[in-house]
Amino acid sequence: MMNILFLLLVIMEPLCLFVIKRGSAADTIRPSQFLREGDTLVSNGGKFEMGFFSPGKSSSNVYLGIWFKPIPVRTVVWVANRDKPIQNPPGALTINGSGSLLLLCQNHGVVWSSSSPEQDGVNPVAQLLDTGNLVVRDERNSESNSSYLWQSFDYIGDTFLPGMKLGADLKTGQVWRMSSWKSPDDPSPGDLSYGMEPTSYAEALMRKDSAKFFRSGPWNGVRFSGGPELRPNPLIGFQFVANSEELYSTDQLKNESVITMYRLNDTTGTGDRYIWFEAEQTWKTYLSNPTDNCDTYGLCGAYGICVISESPVCQCVKGFVPKSPRKWSTMDWSEGCARSQALKCGEGEGFAKFNGLKLPDTAHTWLDNSMNLEECRAKCLANCSCVAYANSDIRGSGGGCVMWFGDLVDMRQTSIDDQPLYIRMPISELVAEEKHSQRKKVVLVCVVVVAAITWALIPYSGVVVIGFYLHLRKSNKNSEGNARGNLGNDCTNEMQERDMELPSFDSESIAYATDNFSIHKKLGEGGFGPVYKGTLLDGREIAVKRLSLCSGQGLNELKNEVTLIAKLQHRNLVKLLGCCVEGDERILIYEYMHNKSLDFFIFDQTKGQLLEWSKRFHIILGISRGLLYLHQDSRLRIIHRDLKASNVLLDNEMNAKISDFGLARCFGNNQTVANTTRVIGTYGYMAPEYAVDGLFSIKSDVFSFGVLLLEIVSGKKNRGFYHPSHNLNLTGHAWRLWEEGRPMELIIDTPYGDSYYVPQMLRCIHVGLLCVQQQPDDRPNMSSVILMLSSESTLPRPKRPGFFVDRNLVEEVNSSNKFISNSTNEITITVLEAR
Ligand code: ACK
């Protein structure tokens, strides 16, 4: 009856007296006042605004929401009627005498109401605060009084604002949990949700539907164990409260002028922290969860540790081996690891210490904050089901005790080692470890003794001994630095072995096979000289690369190519059959590829029709597999350094084969990055850190792969790309389209007709953009790339690509380096482009 009265007042009689005046900047509504469509409430300091809106492309559904007032791009942070849109406007909001907010609509009466208990004897007023919180309070209580009758902060949507709580009120049962919008057009709850798990050692957990998806790791008094980025920082302070009444985590803004929010995004499957950049009038992502593949819940299974810099990323905890070696070798880590030696409880077990880990899932933990680490160890040891323990609070010198029961799941390596995890081990494992460290100690003692003796005999000579020892240790550990001069021992040995095994052809038989290098047999001109088709006496077809004397590829490059790929056997690498070095003649002989190189097809409208989408996808997978093999061959790690369309050949079944290893470099086992003063590669494919600083790594190859991927999908060259309305290159253009939500426009005018498979193409564009990100650490490695391409997993949101601007700028960077090199002779930039 009451509702009908309101409806009559508000909707049927627009001249009714008690309507909030249009354009007025009131921040409150009192009983018998109405907020109608077109009216808004504005918080006192002008930070937030509340009114009616239609999200995204939906114009028929109307919602009551709160958004940032100063931001021109309407960014809605809270919606009242998330799953009950007003479909027959107009609607109006009011508050009744007992403090309930009522959202009314012409034909349906009350479409939404705040679920606060009705209160008698109050003077209710609804007020939009400057925090973005819509509160209902008794007007007699001051604004700052926290005893609100109702507040929107208790009903979080997809956006977490400073001051909100994530967790639960254990007394009232009120749960504070975020949930994503279904889509940009539909604010009703989507698949993704984020909240605090009420385990003994609580942690925040993101779920996709009901499955665990990402963990923050537990709060250890200073930060969430899951990542360094979750530490306090100059912008946001974290607070974590766990007592018998409440369990929650909250943020406080340290600088009030900053506009920030954390938002769940159903489309990308991520939680993103955004900051508003006033000068650029745009939101920028500050961090995203999951950050990378290693943040995927339980990726490496039980007792697996994810190490993002490794390839493959999953490793077993020391003392454990893959449960299913077969699956593990195919990068299916789901079964995790099992102990290599069984535990025999009570037979002198102990614990191995692991530093720098995100602590495992805390679902089965036990906590006692009053115990110290020693007591914790004793308690865990005494209980055969306890598999690990750690200090629960790392403040000061550390204290508290947390113990794990059941398998240890979802660990990853992090850069901070302030909270070691102690994992239960059988005595045999601990003895082996002890012997290893004893050996190291003995060597060190010997060095010190020898140094002391020699010092006594010849003053200061001991320094040389210690220096020599340190040098040996360092070179054993890692062999970073100039690539060519610093191949790891593994590399050098392997290469020497390979060198000897490569068949040597005599120049006469090659001349015969190619009709004396006849022009009719010429396949084309490679980066370092002509390539001919030939037929050996036994009928085998070959491709003969004859290095021209004046080419940039000297004997060194040839030897490099020979030694690196002679023995590499992979169906996605072109096979080197032999070589010939006689006098001035330097020739490489390869298996013959019937279908030319990839650039012959993809950049040509007519020939491009021969490569329908499924073939393109097959080629993309082939290149990824070939590159993965190079990057993680059992003993070598090879960086190609010149991956591009013309260096991918196609055999008679259109299988992709990576070719041209003249610029490739080999890394030792522990080496991840090297630098060179001689930057060689091809414009458009070079990663920024390589082109500018000469730094190359598997991630610079990943960058080139990303460019190639986008080229294959779009049929356009990164470097030659032209667009009438901007000056971006292909990667920049692709990223812009992605950001604007129209990535499929990348394939406009492609010649592969209606052979599209849209989800796969979108995935390829997405993965391509992840590969060309500016920061090497943000780029996935090739094992992740393959996983991403061949699964339907949620992918992180790509950040800005490297060199996404006008190609001329890239050239400017390089040409300015060239200038330095010419004038100082320090850097010689050699940027070669074969085609
Ligand atoms: O696109 P294409 O026909 O394929 O032209 C280039 C040219 O030589 C210069 O690189 C071709 N080419 C290079 N290696 C091979 C090979 N192993 N089999 C067939 N063609 C090759 C390449």
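All ligand and atom numbering here is 1-based and tracks the order in the structure.
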Exercise. Return yes if a side-chain donor-acceptor contact under 3.5 Å exists between D701 and S704, otherwise no.
Key: no
Quiz item: Which atoms of ligand 1 are found less than 4.0 Å from any heavy atom of Y592?
Solution: 18 (N), 19 (C)
Quiz prompt | Any E591 heavy atom less than 4.0 Å from ligand 1 | solution = yes
Practice problem: Work out which heavy atom in L650 is nearest to a heavy atom in M593; give both atom names and the distance. | Solution: O-CB, 3.6 Å
Self-check item: Residues which pass salt bridge (charged side-chain N to carboxylate O under 4.0 Å, His left out) with K615, listed by chain and number, not counting sequence neighbours
Solution: E612
Quiz item: Between R763 and S791, is there a donor-acceptor pair closer than 3.5 Å when you use the side chain of the first and the backbone of the second?
Solution: yes
Quiz item: Any N/O of M593 closer than 3.5 Å to an N/O of ligand 1?
Solution: yes
Quiz item: Out of curiosity, M686 CE to N718 CG, how far, rounded to the nearest 0.5 Å?
Solution: 11.5 Å
Exercise. Report the part of A543 in contact with ligand 1, treating N, CA, C, O as backbone and CB onward as side chain, heavy atoms under 4.0 Å; options are side chain, backbone, both, neither.
Key: side chain
Self-check item: Test side chain to side chain contact (heavy atoms under 4.5 Å, CB included) applied to R616 and I619, step by step
Solution: CA-CA 5 Å; R616 286 179 194 238; I619 288 168; 5.6 Å; no
Quiz item: Polar-atom distance check: K596 versus ligand 1, any N or O pair below 3.5 Å?
Solution: yes
Quiz prompt | Residue V531 vicinity, atoms of ligand 1 by number, heavy atom under 4.0 Å | solution = 8 (O), 9 (C), 10 (O), 12 (N), 13 (C)
Quiz item: Among D651, I589, L523, which one has a heavy atom closest to atom 11 (C) of ligand 1?
Solution: L523
Exercise. List every atom of ligand 1 that sits less than 4.0 Å from any heavy atom of S597, numbering the atoms from 1 in the order shown and giving each element.
Key: 1 (O), 2 (P), 4 (O)
Self-check item: Within-4.5 Å side-chain heavy-atom neighbours: Y629 and L573
Solution: yes
Exercise. Could you tell me whether Y590 approaches ligand 1 through its side chain, its backbone, both or neither, with non-hydrogen atoms closer than 4.0 Å?
Key: side chain
Practice problem: Indicate whether the side chain of T330 and that of D332 have a donor and an acceptor atom separated by less than 3.5 Å. | Solution: no
Exercise. Examine E525 against ligand 1 and note whether any of their N/O atoms are separated by less than 3.5 Å.
Key: no
Exercise. Under 4.0 Å, heavy atoms only, figure out whether ligand 1 is touched by the backbone of L649, its side chain, both or neither.
Key: side chain
